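Have a look at the structure below before the remarks.
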Amino acid sequence: MDNIRIAEKFNHMAQMLEFKGESQFKTRAYTNAARTIKGLDEELQVLHKEGSIEDIPGIGKILKSKIVEMFETGTFEAYERTMDEIPAGIIEIMNVPGIGPKTARLFYEKLGVQTVDELSRAAREHRIRRLPRMGEKQEDKILRSIARQKEDKDHGRHPYVLAKDIAREITDNLKQSSDIEKVAVAGSLRRKQDTVGDIDLIAISEEPEKAISCFTGMEKVEEILESGTTKAAIIYPGNFHVDLRIVSRDSYGSMLQHFTGSKEHNIHLRKLALSKGYSLNEYGMTDESTGKLTKFSSEDDLYKNLGLEYLSPELREDRGEVEASLRGKLPKLIERKDIKGDFHVHSNWSDGANTMEELAEAAILRGYEYIAITDHSHSTGVANGLSDKRLLEHIDAIDKLNEKYDEIRILSGTECDIKADGKLDYSNDLLEQLDIVVVAVHAGLDQDRKKMTKRIVSALENEHVDIMAHPTGRKFGKRPPYDMDMETVIQAAKDNEKVLEINSSPWRLDLNDINAKRAKEHGVMLAINTDTHTIDHLDNVEFGINMARRAWLEPDDVLNTMSLKQICSRLDIPKE
DNA sequence: GCCGTTTTCGGCCCGACTGTTTTCAGTCG
């Protein structure tokens, strides 16, 4: 049982308890514990051996005993008992937007509805409207929600890069309006999460109702979900749920902070405010004893008033950032200007679109000191992987290219396949001739956890290997991460002094923030690579940096912030 | 179910919008 699975069980338990009508505080305890566990830097199994599970905030005696029970049996008794009490489809019904535990329970008790399909039928047959507090509109709303959910394969989440473009289009549109003074992106998009559920925008306007109708009246709006005097929500093409909140100038800082979240971060701030005698909301801070409201026009002022250093949006996940800020121990997050090169780039020797020259020139344009050309190895036949003979020619071609350029050093490399048995695609004799060896898994992705973990670890034990590329193999909308034990892989990287990649492709972002943070905590270095296949991809480094910042990475945690000189000495590459 | 330099009991973040109501419960973020 790893942390992710334990967190999932607790989340599921919380939903079942909600349905049963248990105390909201009890269900919240499960939800909080699940969230905390997901963000842990250590496996609970390890913490258990150290006897420190109960030190985790939000986990007390009872939840600890359930975790231990899961180590032994894969589940816990209360969970199984609750599962028996509740029809399996109920949770799915609660996941339909607009339907919460109370409504799901009402449908179950009065109509016997146990699945989403049965709910759909009940709505079509107009049986819903006969229930208390239900009507025609509710039936419509439920049917639309179910339809939207069905056509949405990605469970309402969109890759950051797509959401960013949509947000740009909408904010550009709103800026045209004379009733809107300023528009800003908030929510998970501003926190630069790898995927975002919906797009949150805030706008300053002295004419809120005009601003709202400008938003809901945009040409491409597919559906208006809600439209009030200060807030509206729409569906935009591509199944994007977009929220807009209107704010006056003097509360802008409070509102931006509030709608940037995360929810958990905000809850933490409000508790902190309460402990100082203030109540915090999206309009400002109210002194509990005098009732006086202080508004904040900037986020900076708000954080200062709470006794905190300014927190970058990427950190606002309640993963220890508030405590770190109180102690003045916030990380100095990595920035794009810190990046001095790229270690994962493909040329037209394998499946890239550009020549080595074009790649070198593009890297020079971006101010890089070095770039590694890492074409595929022969097992990846579909990508025109290099045979042993072509790899030697590849090395020669790079040598020649280096004679041409003074501004940049081109490193000879490979993205070498880790075969199913953990052996590498090239012999050690060949690998030794390269400046840098990046390894990756591309085939045989359905191996079981044990095999996959062993396969990766044995590659990391090879003395010539430098970097493990896209370590979990996930691709948004295509495939989940392959099954492996991240704890063991991170430990192997540590023991063998290997670097783990943050792959910057917006469809991969692998490692993600949580795993990258774990790697850092274990003292493993990371590389932010782009996996470039056409020169434009070099700019995807922006997305990798987003992940790195969310993982609390500082320049010293990242290999490609080093100068060429430092890289040569670390990787044992001849200087000329 | 968790937690505690006011508390081992009694708290647990805060507000907008909708649909159905004639004052509010439910949901969401």
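As the structure is a prediction and not an experimental result, all values here were calculated from the model. Order of the sequence lines fixes the chain letters, A, B, ..., with proteins taken first and strands second; residue numbering starts at 1 for each chain.
Contact annotation for A:K141: no contact, since no heavy-atom pair falls under 4.0 Å across all strands. Using a 4.0 Å heavy-atom cutoff across all strands shown, A:K64 reaches no nucleic acid atom at all. Contact annotation for A:I99: backbone-only contact, meaning every heavy-atom pair under 4.0 Å involves sugar-phosphate atoms and none involves a base.
For CD of A:E209, the number of neighbouring non-hydrogen atoms (other residues, nucleotides, ligands) closer than 6.0 Å is 12 at most.
In this structure, A:R508 fails the cation-pi test against A:F476, since its NZ or CZ atom is not both closer than 6.0 Å to the six-membered ring centre and inside 45 degrees of the ring normal.
Looking at A:K517 and A:D513, no side-chain N of the basic residue comes within less than 4.0 Å of a carboxylate O on the acidic one, giving no salt bridge.
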I'd like a table of atom pairs between the protein and nucleotides 21-25 of chain B - only N or O on both sides, under 3.5 Å - with the distance next to each one.
residue : atom : partner : partner atom : Å
B:dC24  : O2   : A:R133  : NH2          : 3.1

Contacts under 3.5 Å, N or O only, protein and nucleotides 3-7 of chain B:
residue : atom : partner : partner atom : Å
B:dC3   : OP1  : A:G58   : N            : 2.7

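Taking every heavy atom of residues 279-287 of chain A and every atom of DNA chain B, pairs under 4.0 Å involve A:S279, A:L280, A:N281, A:E282, A:Y283, by number.
Taking atom CD of A:E223 as the reference point, atom P of B:dT18 lies 13 Å away to the nearest angstrom. The separation between A:K137 atom NZ and B:dT27 atom C1' is 17 Å, rounded to whole Å.
Nucleotide B:dA25 is matched to B:dT18 when pairs are restricted to Watson-Crick or G-U wobble geometry with both distances under 3.5 angstrom.
The side chain to side chain donor-acceptor pair (under 3.5 Å) test with A:Y236 is passed by exactly one of A:H241, A:K220, A:E222, A:E169: A:E169.
Ring centroids of A:Y283 and A:H258 are separated by 6.0 Å or more, keeping the two rings apart.
For A:T103, a side-chain nitrogen or oxygen approaches OP1 or OP2 of B:dT27 to under 4.0 Å.
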